[in-house]
Amino acid sequence: MPYVVGIDLGTTNSLVAYMDGKTPRAIPDENGQVALSSIVAFFQEGLSEAVLVGEAAKERLVTHPEETVYSVKRFMGKGQEDLEADLKHLPFVFAGKEKEGIQIQIGEKTYSPPEISAHILRALKARAEKFLKTTVTQAVITVPAYFNDSQRQATKDAGKLAGLEVLRILNEPTAASLAYGLQKEKEGIIAVYDLGGGTFDISILKIKNGIFQVLSTNGDTHLGGDDFDRKLVNLICDEILKTHDVDIQTFPEVLQKARLVSEKVKCGLSSEDSVEIVLTLPDQKTQYKRQITRTEFEGLIQGLIARTIDSCRQALSDAKLEPSDVKEVVLVGGSIRVPLIKERVGDLFQREPHSELNPDEVVALGAAVQAQILSGAITDMLLLDVTPLSLGIEIMGGVVSRLIQRNAPIPTTAKETYSTQVDGQRSVSIHVVQGERELVADCRSLAKFNLTGVEPMPAGMPRIEVTFLIDANGILNVTAKDLRSGKETTVEVTPTYGLSDEDAEKMISTSMENAKADLEKRQLIESKNEAETVLRHTEKALVQGASLLDDAERTNIENAISDLKNAMSSGTHRELREKLSALDQATQRFAADLMSQSVQEALQNKKLSDL
């Protein structure tokens, strides 16, 4: 049986793992190192371009920062406006239009993030093939749970460019739970706290009888160990500017040295109470030196850690659980070695977190387990994942009609039937959105497309069936079908770039904060939509059944119509409901008479046709 490998494509480091019998193992390089630095360096070697990946590329990061790309995972599926806050910290030159996906310029060439990530995947593929002594063509690749459709698709594209068939895009916390559950055979509720180099995820899982079910997920697409490093870099920059009057941010090579020094200092403070910072300034003579204590470092990063704890609380709330309901807490990711993290997580969940498995390897190990499941070699384990944000379409008045709710298990499908708004309508516009707010304007637009060939009929008569299908990789397919004509259109929702960092962080919390106001807006819009439909039918009926009305009754109905129109322009939801009820009362006898007349006419027509 050919090997299907598991790959953790990380922000800082990447790993590849395989199943050795029933045990997942990370594959080392020739030096015994399992972690491959997620860094790619480009340079000219004679007339041809050469590429370095890993430690060799990391060495060039100091000497040739403008030709060396790191943390490329943060750019996957993103547009330039998503990274405005980062640009001043990065030595790269970005190309392309603002509203398009990121392109990184190296010399005279430009590269997309998937192209750069493909070099990392090729290196891991080559490592696996050398170790396993066979060709490797299939893989499971992990991503943060909060990666959206565009970011997941970009990861699949990177795998394809590297010559890999990506069998599954797997959430990192879910992968970690697989590895942990396989070896520990835990049952109950487990929280997986995953803090890597560039992203944070928290997943609440229910594990029982070999079934792994994600109850809820939350996280931050722009928070990780890199941000801890940046806090130290900012401290170093500020102090050098103050004491030596030198702005090292204008010296890319020195700034990169400061970043690498900060990373080493952070790692050192995980086991030491204090570490010395030493950095040579641009004049190559003066050195910046100072001792920094663990307490001082924790003061710098405590706000970042607090953000992860807030995400944990939200995940618990979404799962309708209390911290005491969680049986085990698993720490994942290299950044969890910071002692303050274990302390804060333990305080929240009221128990000692587990980190028995190597936090750097556990995601890759879980991906290898999932790879084995997909290959059919493991049959006693099932994985149920979830979609992190609700999905729906825009309906009349700019209201969101949700088809798939947040935290729904995937793969999943849902369908709803809608109709037209205008008489004789021949096409229907489908606007797909993602988010938790009630109005389309407050959600994220994913895609727009038109269903043409709709049979022209009076408004409300056609039946348009909209189907959402999320596959096992979290990719959304949307189909719109006219049930009468059979015409249908299907699109795969793969937007050109991803969710902005601010939206990713605030989308859920903002929906909670605005829940009451959003509901009131939705109720008002829906009442107006209903009023427009009622008015349209009532005014048609007044023409058709004019002979059935006396002057007093017509005046009464027309006054009720006028009151409803006034309420539509300036009234509240409650006032609209009152005026709708008043119009209903005013037209009850007329509606009954009109119905009776229609029935009599139908019977008369039938008798004539029988003759």
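Given the structure is predicted, the values throughout are model-derived calculations rather than measurements.
A salt bridge is defined here as a Lys NZ or Arg NE, NH1 or NH2 lying under 4.0 Å from an Asp or Glu carboxylate O, and E172 with K73 meets this definition. A salt bridge links K125 to E129: one of the charged nitrogens lies within less than 4.0 Å of a carboxylate oxygen. Remark: D360 engages R337 in a salt bridge, criterion side-chain N to carboxylate O under 4.0 Å. Of the charged side-chain nitrogens involved, at least one lies within less than 4.0 Å of a carboxylate oxygen, so that D227 and R74 count as a salt-bridged pair.
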Problem - Stepwise ring-ring contact (aromatic ring centres under 6.0 Å, His included) test for H119 and F42 - result: CA-CA 11 Å; H119 286 293; F42 300 85; 5.6 Å; yes
Practice task
Walk me through it: do L167 and V4 pass the test side-chain contact (heavy atoms from CB on, under 4.5 Å)?
Solution key: CA-CA 9 Å; L167 298 183; V4 182; 3.7 Å; yes
Exercise for the section: Please step through side chain to side chain donor-acceptor pair (under 3.5 Å) for the pair Y3 and T134, ending with a clear verdict. Expected result: CA-CA 8 Å; Y3 284 101; T134 186; over 6 Å; no
Exercise for the section: Dump the intermediate steps for side-chain contact (heavy atoms from CB on, under 4.5 Å) on V40 and T68, then the final yes or no. Expected result: CA-CA 6 Å; V40 180; T68 309; over 6 Å; no
Practice task
Output, in order, the C-alpha distance, side-chain angles, deciding distance and verdict of side-chain contact (heavy atoms from CB on, under 4.5 Å) for C443 and Q434.
Solution key: CA-CA 6 Å; C443 290; Q434 179 182 45; over 6 Å; no
Exercise for the section: Could you go through the side-chain contact (heavy atoms from CB on, under 4.5 Å) check for I120 and V72 one step at a time? Expected result: CA-CA 10 Å; I120 299 170; V72 68; 4.2 Å; yes
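Proximity of L164 to Q138: side-chain heavy atoms (C-beta onward) are nowhere separated by under 4.5 Å. Put simply, the side chain of L178 does not reach to within 4.5 Å of the side chain of Q372, judged on heavy atoms. Put simply, the side chain of D194 does not reach to within 4.5 Å of the side chain of P359, judged on heavy atoms. With contacts defined as side-chain heavy-atom distances shorter than 4.5 Å, the pair Y193/T308 qualifies. Side-chain contact between N218 and C312 is absent, with no heavy atoms from C-beta onward closer than 4.5 Å. Using a 4.5 Å cut-off on side-chain heavy atoms (C-beta onward), V143 and N171 make contact. Within the 4.5 Å cutoff, the side chain of Y111 has no heavy atoms near those of the V69 side chain. The side-chain heavy atoms of L331 and V345, taken from C-beta on, include a pair separated by under 4.5 Å.
Closest heavy-atom contact between V363 and A175: O-CB, 3.6 Å. Across every non-hydrogen atom of A17 and A364, the tightest pair is CB-O, 3.4 Å. Summarising the geometry of I277 relative to V265, their closest heavy-atom pair is CG1-CG2, 3.8 Å, with the distance given to 0.1 Å. Looking at every heavy atom in both residues, T110 comes nearest to E115 through O-OE1, 4.1 Å. A pairwise comparison of heavy atoms in V233 and R259 identifies CG2-CA, 3.7 Å as the closest pair. What you find for G197 and T12 is that their closest heavy atoms are CA-OG1, 3.3 Å.
A donor and an acceptor atom, one from each side chain of D310 and Q314, are nowhere located under 3.5 Å apart. Looking only at atom types and distance, the side chain of T467 has no donor-acceptor partner in the side chain of T479 under 3.5 Å away. T217 and S203 are not linked by any side-chain donor-acceptor pair at a separation below 3.5 angstrom, with hydrogens and angles left out of the test. With 3.5 Å as the limit, one finds a donor-acceptor pair spanning the side chains of E436 and S390. Inspection of the E55 and S37 side chains reveals an N or O donor paired with an N or O acceptor under 3.5 Å.
Expressed to the nearest 0.5 Å, how far CG of L195 lies from OG of S335 amounts to 4.5 Å. Atom CG of N234 and atom CD1 of I236 lie 9.5 Å apart (nearest 0.5 Å). With rounding to the nearest 0.5 angstrom, the CZ atom of R344 is 7.0 Å from the CD atom of Q302. Expressed to the nearest 0.5 Å, how far OG of S112 lies from CD1 of I104 amounts to 8.5 Å. One finds the CG atom of N13 at 6.0 Å from the OG atom of S38 (value rounded to the nearest 0.5 Å). Rounding to the nearest 0.5 Å places CZ of R152 at 12.5 Å from CD1 of I141.
Cation-pi check for R402 over F468 is not met; the charged atom does not lie both under 6.0 angstrom from the ring centroid and within 45 degrees of its normal. Both tests do not hold together for R307 against F200: distance to the six-membered ring centre under 6.0 Å, angle to the ring axis within 45°.
A donor-acceptor pair is defined here as one N or O able to donate and one able to accept, closer than 3.5 Å; no such pair exists between the side chain of R60 and the backbone of F43. For the pair T142 (side chain) and L170 (backbone), a donor-acceptor distance under 3.5 Å is absent. Of the possible donor and acceptor atoms, none in the side chain of R168 sits under 3.5 Å from a partner among the backbone N and O of Q370. Without hydrogens or angle criteria, D20 side chain to P24 main chain gives no donor-acceptor distance under 3.5 Å. A distance-only check finds a donor-acceptor pair linking the side chain of D247 to the backbone of Q249 [under 3.5 Å]. Between the R122 side chain and the L161 main chain, a donor and an acceptor come within less than 3.5 Å of each other. Not one N or O on the side chain of T23 forms a donor-acceptor pair closer than 3.5 Å with the backbone of M19.
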